[in-house]
Amino acid sequence: MVLLIALLILALSFMAQLAFGAVMLNPLQVLRDGLREIFTATTGIARYRLERALAGVVVGASLALSGYLIQTTTRNPLGDPYLLGISSGALFAVVLTFALPASAITLFVVRPFAALIGGIIAYLLTLLIASKAGMTPTSIVLSGVAVGTFFYSASLFPQYFILRDIHKVFAWSMGSLVVVNLNKPIAIALVLTACTIYSCVSRNVLNALSISDDFVRDLGRDPSRERVILTAMAAVLASFCVAYFGVIGFVGLASPHFARRLLGSGDARYIIPLSLVFGASMLSLTDVVAKIVFYPIEVPVNVIVSLVGAPTLAAIMVGMRRHARG
Amino acid sequence: MLGVENLSVAYGKVNVIKGVSFELRPSLVALIGPNGSGKTTLLKAIAGMVPYSGEVLIDGINLRRIRVDRRTEYVTYVPPTISALPDMTIGDLLLSDSSADVALLERYVRIFGVERLLFRRIWEVSSGELERALLARGLARRSKVLLVDEPLSYTDVRYQLVVMRCLRRLANEGRVVVVASNQLNPLLNYVDRVLALKDGKLFINAPLKTGVDEDKLSELYGVKMKVITIDNIVDVVPVEEARG
Ligand SMILES: Nc1ncnc2c1ncn2[C@@H]1O[C@H](COP(=O)(O)OP(=O)(O)OP(=O)(O)O)[C@@H](O)[C@H]1O
Ligand SMILES: [Mg+2]
């Protein structure tokens with residue numbers, strides 16, 4: 001039931017994504033034209049809108065799943081995809097690419113690839129340190145914070161010396177769904193599909209992990225091993241998102257909490273689909289807001305998502321609390 | 001049948017279980033011993049939850065050869081409590097277990113009086129209530145060997161009896177049921193056999209009749225113990241030396 005309503009919200013926000021922009025358009029028209037443009041390999045505003053809308057959906061859903069996986073494996077309600085140092089690793093790598101000549105290749109190929117690799121390297125480093133400390137939830141969180149802080153500071157040095165490009169670095173780190181082509185959402189969608197399937201198959205393990213390591217052992221699984229696999233998926237998802245669309249915060253943190261609060265349950269079976277849908281709607285809706293609040297100037301979606309999302313999360317937490325007391 | 005052969009467990013360099021061997025037919029068995037003697041560790045080792053040396057055999061099959069996804073058919077460890085308190089309801093906790101038989105789960109939920117707790121968060125129930133929920137979850141699996149850790153610690157007198165009666169029935173139905181606890185009453189009034197651990201070694205392994213021995217129990221706990229019987233109910237109580 002809740003899932004149905006959530007899907008409806010997602011459909012509406014998707015339509016809004018198509019409708020709003022520099023000019024108001026009929027969303028169904030945009031959908032039809034966009035699909036035609038994609039299949040006839042022509043470009044136009046409809047195609048651009050459609051691609052951006054799709055990006056919002058897959059990125060939102062990916063961040064949500066990633067956040068859910070991190071929160072569960074680290075048993076930390078503050079868990080988000082960037083808790084593993086991924087965003088800082090990617091940022092560092094991106095800053096390094098500013099040393100390269102500013103060509104289209106640098107911009108569209110090297111930079112996302114660098115961000116992807118940077119994110120994954122940061123994750124591996126986090127994992128390496130955590131494994132030396134027993135691969136417990138706490139050790140993962142702490143080493144993630146250490147690696148993240150290190151790369152963030154390391155990225156400040158080159159930024160300081162290439163001051164002329166600092167606004168570009170800044171703009172990149174703000175995250176945005178613009179500059180899209182269909183390859184990016186498709187690549188993310190593939191990774192997302194694989195990770196979602198694996199998560200759903202492992203829902204018993206995820207449930208057990210959220211309770212205690214003993215419950216995982218009780219299923220005959222090794223909690224450390226499961227933690228490595230599941231955080232790796234979260235890291236890959238988040239790294240792809242960061243690489244293509246910059247750092248988009250909050251969605252990963254908040255979506256699983258929205259799902260948990262509204263369901264009043266923490267069972268992976270329901271949380272996974274609902275978080276995915278919430279993440280997708282949240283990012284889509286806020287991207288619409290980002291397009292229209294300061295029209296015709298577009299605000300980075302990352303700013304809006306936190307600005308709108310944070311109070312919403314707070315309101316829901318408070319509201320549910322009162323509701324629970326009756 | 002549960003066979004344990006020369007089982008040892010070490011945490012780091014510290015040996016906690018030091019070469020324990022025994023064999024149990026389907027029955028209800030008390031596992032007693034002072035704090036830190038290794039009861040929990042022994043049960044977890046038998047459930048394959050901590051690395052061990054030696055062998056564990058269930059119905060003649062080596063635990064190491066049982067596929068992990070089928071292990072719950074053979075053995076279940078029921079923890080006394082949960083250390084982390086996740087954002088889950090008691091209902092989630094019960095249903096998080098795909099190897100449970102749902103009809104049976106419903107039955108145990110009723111027996112342990114957990115129905116009205118299903119929509120509460122794990123941290124919104126009392127220790128005894130959580131313990132009862134964990135018991136319902138564990139017993140709802142049809143494992144051949146059931147290892148129950150401290151089911152009498154938080155439960156009140158009435159539920160202590162409910163727990164022991166349930167475990168008694170499971171043992172009668174052909175399961176090997178081991179209960180780690182030091183609540184000698186009601187424990188000793190239901191079991192067939194007594195195992196005692198002292199410093200990681202098997203100190204008592206005897207049928208009830210000979211297992212409940214004042215001298216042995218006094219040595220086990222390091223205090224003078226006396227066996228008393230009222231209306232056929234056995235209790236073992238510490239008797240303090242008269243203070244001067
Ligand atoms: N994870 C661990 N790492 C290191 N040592 C441990 C660990 N768990 C238990 N120990 C130690 O192993 C010994 C046996 O512990 P265990 O929990 O098996 O005792 P127990 O008999 O169940 O005690 P209690 O009656 O308090 O439940 C104790 O000395 C304990 O301090
Ligand atoms: Mg114990």
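In this text, all values refer to a predicted model and were calculated from it rather than measured experimentally. Chain identifiers are assigned alphabetically (A, B, ...) following the order of the sequence lines, protein sequences preceding nucleic acid strands; residue numbering begins at 1 within each chain.
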Answer yes or no: are there more than 12 heavy-atom neighbours, outside A:R217 itself, under 6.0 Å from its atom CZ? yes

Around atom CZ of B:R64, are there more than 12 heavy atoms of other residues, nucleotides or ligands at under 6.0 Å? yes

Would you list the pairs meeting side chain to side chain donor-acceptor pair (under 3.5 Å) in which at least one residue belongs to residues 73-87 of chain A, sequence neighbours left out? A:R75-A:D213

Contacting region of B:L134 [heavy-atom separation from chain A under 4.5 Å]: side chain

Find the one option among A:N207, A:I211, A:T72 whose heavy-atom pairs under 4.5 Å with chain B are most numerous. A:I211

Flag the pair B:K44 and A:D218 as a salt bridge only when some basic side-chain nitrogen lies within less than 4.0 angstrom of an acidic carboxylate oxygen. no

So, the part of B:R137 with a heavy atom under 4.5 Å from chain A: the answer is side chain

Heavy-atom distances under 4.5 Å only: say whether A:R203 touches chain B with side chain, backbone, both or neither. neither

Please give me the minimum heavy-atom distance between B:M88 and A:G266, naming the atom from each residue. CE-O, 3.7 Å

Around B:F119, counting heavy atoms of other residues, nucleotides and ligands shown, do more than 12 lie under 6.0 Å from its CZ? no

In this structure, CE of B:M49 is separated from CZ of A:R221 (nearest 0.5 Å) by 14.0 Å

Provide the closest heavy-atom pair for A:R260 versus B:R121 in the form atom of the first, atom of the second, distance. O-NH2, 4.4 Å

Heavy-atom distances under 4.5 Å only: say whether A:Y270 touches chain B with side chain, backbone, both or neither. neither

Check each atom of B:I66 against the heavy atoms of chain A and say whether the ones under 4.5 Å are side chain, backbone, both or neither. neither

Keeping the roles fixed (side chain from A:D267, backbone from B:D92), state whether a donor-acceptor pair exists under 3.5 Å. no

Report the distance from atom CG of B:L93 to atom OG of A:S210, rounding to the nearest 0.5 Å. 9.0 Å

Going by heavy atoms in the side chains, are B:V68 and A:L219 under 4.5 Å from each other? no

Above 12 or not: heavy atoms from other molecules or residues under 6.0 Å from CZ of A:F150? no

Step through the shown structure and confirm whether more than 12 heavy atoms of other residues, nucleotides or ligands are within 6.0 Å of CZ on B:F203. yes

